[in-house]
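Down below is the structure, laid out as structure tokens.
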Amino acid sequence: MKAEAQAQPNIALIKYWGKRDHDKNLPAVSSLSVTLDSLWTKMSVDFGAEVGSDTLLVNGVPTPAMEQRVSHCIDLIAGTERDPASIVSEGNFPIGAGLASSASAFAALVVATAAACGKTYATQTLAQLAGTSSGSAARSLYGGIVTLTAGDEHIDVQPLLDPDEWPLEVIVAVTEKGEKPVGSGAAMIRGEKTSPFYASWVKRQDDDFGTAKDAVLSRDFERLATISEHNCLKMHSVMWSSRPPIVYWNSATLSCLETIRSLQSTGHAVFFTIDAGPQVKAVCLPESAAAVMDALKATPGVLSLLQTKLGAGAKLLPSE
Ligand code: DP6
């Protein structure tokens with residue numbers, strides 16, 4: 001009747017941007033991501049609560065705006081004839097600010113819902129169900145470095161390396177605390193419809209995905225750095241060339257990129273990636289982490305830093 005699960009957000013190094021099927025929320029391109037460790041979302045789903053319709057509390061605040069998306073995700077697992085659920089979400093990082101909060105939320109939600117209604121699913125099936133609600137959420141079902149292969153009918157999500165097989169670290173430079181002006185789903189649709197670069201973005205993605213996968217399997221940091229930065233900037237080129245344009249960056253975002261370029265020029269193993277928001281994620285080897293932290297802390301406009309290793313996939317929490 002009641003279950004709670006936890007998931008961590010993931011950051012894509014090869015990005016998902018664009019959908020081949022909007023009804024099924026099927027991504028147009030394959031992606032590759034790292035699942036984080038220290039940032040988390042916990043979701044509890046209670047079908048036994050005396051409520052007339054689904055209710056959603058996010059960090060203690062009723063959040064009706066998200067209710068429909070959450071209810072639909074629960075329906076996919078528990079069916080539409082189910083009892084109403086009381087859903088409680090808690091997280092330790094900002095929501096809707098380009099920190100992949102929907103990825104960890106929906107990954108935790110599918111695991112909690114399946115357990116609360118007594119169903120057992122393979123992780124792959126849970127990943128596909130989470131992906132129906134938020135494409136990137138599918139990847140948070142697994143830990144470490146994860147691939148998502150986009151197919152015409154469904155996605156295939158696979159763990160590529162466990163967290164301890166390549167101890168990368170991620171440092172997030174937060175440059176703005178508020179919610180983003182355009183959600184990623186709406187922004188993708190705009191890019192598909194209006195960016196002159198969209199078709200070539202999709203066409204070249206398999207090459208980038210293959211290069212990144214090889215780089216990960218051979219632990220080739222420099223190759224992964226080059227292809228990840230290139231892929232990130234191509235995604236942002238699609239956003240910038242959409243009409244009207246979508247620019248998630250602020251001046252501190254650019255300052256962080258300069259900091260990372262300067263760290264690279266002094267031999268540090270670090271590269272950047274940026275999602276649908278102004279935050280900069282620096283991916284580095286452990287020996288460069290302290291220098292990256294210090295340099296980003298001193299960068300104008302950086303409000304706070306989050307440092308994390310790679311972590312595990314979504315998991316059920318023990319019942320109280
Ligand atoms: C820039 O997974 O949030 O973070 O499927 O519409 O919910 P929906 O999109 P979402 O998009 C993530 C976009 C991204 C890149 C990525 O995570 O691959």
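All figures in this text were calculated on a predicted structure; none of them were measured in a lab. Every number for a ligand or one of its atoms is a count from 1 in the order of the listing.
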Exercise. For ligand 1, indicate whether the residue Asn25 contacts it via side chain, backbone, both or neither (heavy-atom separation under 4.0 Å).
Key: side chain
Quiz item: Among protein heavy atoms, which sits nearest to atom 13 (C) of ligand 1, and what does the distance come to when rounded to 0.1 Å?
Solution: Tyr16 O, 3.6 Å
Practice problem: Could you verify whether a donor N or O on one side chain and an acceptor N or O on the other, from Asp207 and Gln205, lie under 3.5 Å apart? | Solution: no
Quiz item: Is there a nitrogen or oxygen of Trp17 sitting under 3.5 Å from a nitrogen or oxygen of ligand 1?
Solution: no
Exercise. Identify the protein heavy atom lying closest to atom 17 (O) of ligand 1, giving its residue, its atom name and the separation to 0.1 Å.
Key: Arg139 NH2, 2.7 Å
Practice problem: Indicate, as side chain, backbone, both or neither, the part of Met239 found under 4.0 angstrom from ligand 1 when only non-hydrogen atoms are considered. | Solution: neither
Quiz item: Backbone, side chain, both or neither: what part of Ser134 comes under 4.0 angstrom of ligand 1, heavy atoms only?
Solution: both
Exercise. Return yes or no for this condition: an N or O of Gly135 is under 3.5 Å from an N or O of ligand 1.
Key: yes
Exercise. Starting at CZ of Phe209, measure out to CD1 of Ile227 and round the result to the nearest 0.5 Å.
Key: 12.0 Å
Quiz item: In the protein, what heavy atom is nearest to atom 2 (O) of ligand 1, and what distance, to one decimal place, separates them?
Solution: Ser136 OG, 2.6 Å
Quiz item: Taking only heavy atoms of Lys19, which atoms of ligand 1 are found under 4.0 Å from at least one of them?
Solution: 5 (O), 6 (O), 8 (P)
Exercise. State the atoms of ligand 1, each with its element, that fall below the 4.0 Å cut-off from a heavy-atom position in Ser102.
Key: 3 (O)
Quiz item: Distance under 6.0 Å and angle within 45° of the ring axis: does Lys203 meet both against Trp201?
Solution: no
Quiz item: Is it the side chain (CB and beyond), the backbone, both or neither of His22 that lies under 4.0 Å from ligand 1, heavy atoms counted?
Solution: neither
Exercise. Pull out every atom of ligand 1 sitting under 4.0 Å from any heavy atom of Gly185, numbered as shown with elements.
Key: 6 (O)
Exercise. Run the salt-bridge test on Glu229 and Arg261 with the 4.0 Å N-O cut-off and return the result as yes or no.
Key: yes
Practice problem: Could you establish whether Ser31 and ligand 1 come within less than 4.0 Å of each other, counting only heavy atoms on the residue side? | Solution: no
Quiz prompt | Distance filter under 4.0 Å to Ala276 heavy atoms, resulting ligand 1 atoms | solution = 1 (C)
Self-check item: Under 4.0 Å to a heavy atom of Met188 - the qualifying atoms of ligand 1, by number
Solution: 9 (O), 11 (O), 13 (C)
